Every structure is written in structure tokens, then in C-alpha cells.
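For reference, the structure discussed in these notes is given below.
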Amino acid sequence: AVSMDWRSSAQATAQDPGWLRLNSQFRYRWLNRFMQGGLAVSQHTLSSGNSNTQLSWNHSQEFSTASRLSLSANYVTSTTVQRQTALNPATALATIASQANYSKSVGPLAMSVGGTRRQYPGRLQVDTDFPSVNVSSKPIPITRNLDWTPTFTYARSSSVHLDAQGDFKFRYIERNGVLDSL
């Protein structure tokens, strides 16, 4: 599918510029491979010259009854343009999230490996939780009234380009007896 959105730049303001957005979407479903998904690309250009490219890929595949892959990848080049041109208020404030997960069962063990990534409209902040590994076992009977379910979990997360908040975005110093901020 291909579509185009347009908003006139007549009497445009800094808060409401005119823009042109070109969209394309491709969906697939391969029945004998048990996979389905879709790819989407959108190019958004404002009359001010700012632009945003949005990429999305959703994919789901079952390799067997015991293993599955799911992927939802979303990325934008300019969260500011994304937020400024959103017509739905919920879209203007929503995070741009991606996630991937692979799960497999082997005998009594269940394993999953995955991660997430989040971008925030109008901000440079990016949060990443990758990798996230989880291995668990079916309950192992220890005694008649006690079962043990061993589990191993590993997770790593990071946040980059954090916005300074409140008083922490300033450094206060005294110059010639007067309090000043940097």
C-alpha cells in the first residue's frame, strides 16, 4: 500500500508548519513457514526543511511447537518532527518502542532471549534493555510437599541522552558575592 498526507503551508507558523508525508507498507504471510509480518516506511518533510523518516517492521514466526520468534521494530530519525506533526494527542506523547524475543523449550527447560528499545517524542533520550535472558525449569519435586523451580535471569539496561530535570540542570557558583548558574 502507498499513500500520501499533505498539509498546506499557507499561513504556516513555527508550531504548525505545512508538511508532506509519503507512506508505504508491505504485508506478508507465508503459511507453510508459519510466519507473518509487515514492513512500513514513512518520509515526513516539513515546510521549514526539517524531516523525519519512520521505519517499522513487525514479524512473527513459529519454527516448531517449542520455538517462536516475535519482533516489533520501530525507529524514527526525528522525534521532534514526530511529536510536532502528530494529530492524535496520545501519539504525540507515546513512546516509540521496539521489542524482540526468541523463546524455546528444550525438555524441562524454557528459555527466552530478547530486549526492548524506547525513544521519546521531542527528546533525545533512548532507553535500551538488552539482552534479557531467562531460563527456567518445570517444578522439580524435592519432597512430597515441596517443589523447586530453578530459574536464571540476566538483564542489562541503559539510558542515554537523558534530559536534566529541575535544579540538577544548573550548576550554581558564587561570583563576586552573587549566586550565578551555569
Side-chain angles (χ1 to χ4, degrees), residues 1-63 67-104 112-134 154-166 168-170:
V2 177
S3 65
M4 180 181 84
D5 299 316
W6 172 73
R7 181 167 173 89
S8 173
S9 61
Q11 299 179 355
T13 65
Q15 292 77 26
D16 187 18
W19 45 264
L20 175 67
R21 182 171 50 207
L22 302 172
N23 309 296
S24 64
Q25 182 180 24
F26 171 75
R27 286 190 241 169
Y28 57 89
R29 186 176 184 119
W30 197 349
L31 294 176
N32 65 350
R33 296 283 183 204
F34 302 100
M35 89 169 126
Q36 63 182 357
L39 298 163
V41 177
S42 176
Q43 177 63 41
H44 203 150
T45 306
L46 304 182
S47 61
S48 63
N50 295 337
S51 66
N52 177 37
T53 302
Q54 182 176 354
L55 306 168
S56 296
W57 179 30
N58 292 309
H59 180 80
S60 175
Q61 186 170 0
E62 293 182 20
F63 300 102
S67 64
R68 175 180 175 80
L69 172 70
S70 66
L71 169 77
S72 174
N74 298 291
Y75 177 75
V76 297
T77 58
S78 174
T79 58
T80 303
V81 172
Q82 175 89 5
R83 182 176 186 168
Q84 185 177 8
T85 59
L87 299 176
N88 181 347
T91 304
L93 300 174
T95 59
I96 298 109
S98 299
Q99 68 83 26
N101 190 50
Y102 174 74
S103 59
K104 183 172 179 82
S112 69
V113 177
T116 62
R117 182 179 190 274
R118 287 176 300 284
Q119 291 178 274
Y120 298 89
R123 297 182 1 212
L124 295 176
Q125 181 178 343
V126 176
D127 296 335
T128 305
D129 299 321
F130 179 79
S132 176
V133 178
N134 187 16
Y154 173 79
R156 181 181 179 276
S157 64
S158 68
S159 294
V160 294
H161 307 298
L162 298 174
D163 295 340
Q165 298 294 321
F168 296 111
K169 62 184 170 183
F170 298 104

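Just so it is clear, the model here is predicted, and its values are computed rather than measured.
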Can you check whether [X] reaches [Y] side chain to side chain, under 4.5 Å on heavy atoms?
| X | Y | value |
| --- | --- | --- |
| Pro17 | Gln84 | yes |
| Arg21 | Asn52 | no |
| Tyr120 | Thr79 | no |
| Pro121 | Ile96 | yes |
| Trp19 | Asp5 | yes |
| Tyr75 | Arg117 | yes |
| Ser24 | Gln43 | no |

Between the side chains of [X] and [Y], is a donor N or O closer than 3.5 angstrom to an acceptor N or O?
| X | Y | answer |
| --- | --- | --- |
| Ser98 | Asn74 | no |
| Asn101 | Gln99 | no |
| Ser70 | Arg68 | no |
| Arg7 | Ser47 | no |

(message) How long is the straight-line distance from CD of Gln36 back to OH of Tyr28, given to the nearest 0.5 Å?
(response)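 Here the interatomic distance stands at 9.0 Å.
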
(request) Output the distance between atom CG (Leu69) and atom CD (Gln61), rounded to the nearest 0.5 Å. (result)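 Leu69 atom CG to Gln61 atom CD measures 6.5 Å (nearest 0.5 Å).
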
For [X] and [Y], which heavy atoms make the closest approach, and how far apart are they?
| X | Y | value |
| --- | --- | --- |
| Ser159 | Leu162 | CB-CD2, 3.7 Å |
| Tyr102 | Ser67 | OH-CB, 3.6 Å |
| Ser72 | Asn58 | OG-OD1, 3.0 Å |
| His59 | Met35 | CE1-SD, 3.3 Å |

(message) Thr53 vs Leu55, test: side chain to side chain contact (heavy atoms under 4.5 Å, CB included). Steps then yes/no.
(response) CA-CA 7 Å; Thr53 302; Leu55 306 168; 4.2 Å; yes

(request) State whether the number of non-hydrogen atoms from other residues, nucleotides or ligands found under 6.0 Å of Phe34 atom CZ is greater than 12. (result)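 Result for CZ/Phe34: open.
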
(request) Check the surroundings of atom CZ in Arg123: do more than 12 heavy atoms from other residues, nucleotides or ligands lie under 6.0 Å from it? (result)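 More than 12 within 6.0 Å, yes.
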
(request) Could you tell me whether a side-chain N or O of Thr13 sits under 3.5 Å from a main-chain N or O of Asp16, the two making a donor and an acceptor? (result)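 Yes: the side chain of Thr13 pairs with the backbone of Asp16.
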
(request) Kindly indicate, with the supporting measurements, whether the criterion side chain to side chain donor-acceptor pair (under 3.5 Å) is fulfilled by Ser112 and Asn134. (result) CA-CA 5 Å; Ser112 69; Asn134 187 16; 4.6 Å; no

(message) Out of the candidates Thr85, Leu20, Leu22, Asn23, only one should pair with His44 under the side chain to side chain contact (heavy atoms under 4.5 Å, CB included) rule; please name it.
(response)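 So, applying the side chain to side chain contact (heavy atoms under 4.5 Å, CB included) to His44 and each of Thr85, Leu20, Leu22, Asn23, only Thr85 qualifies.
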
(request) With side chain to side chain donor-acceptor pair (under 3.5 Å) as the test, would you mind laying out the steps for Arg156 and Ser158 before giving the verdict? (result) CA-CA 7 Å; Arg156 181 181 179 276; Ser158 68; 4.5 Å; no

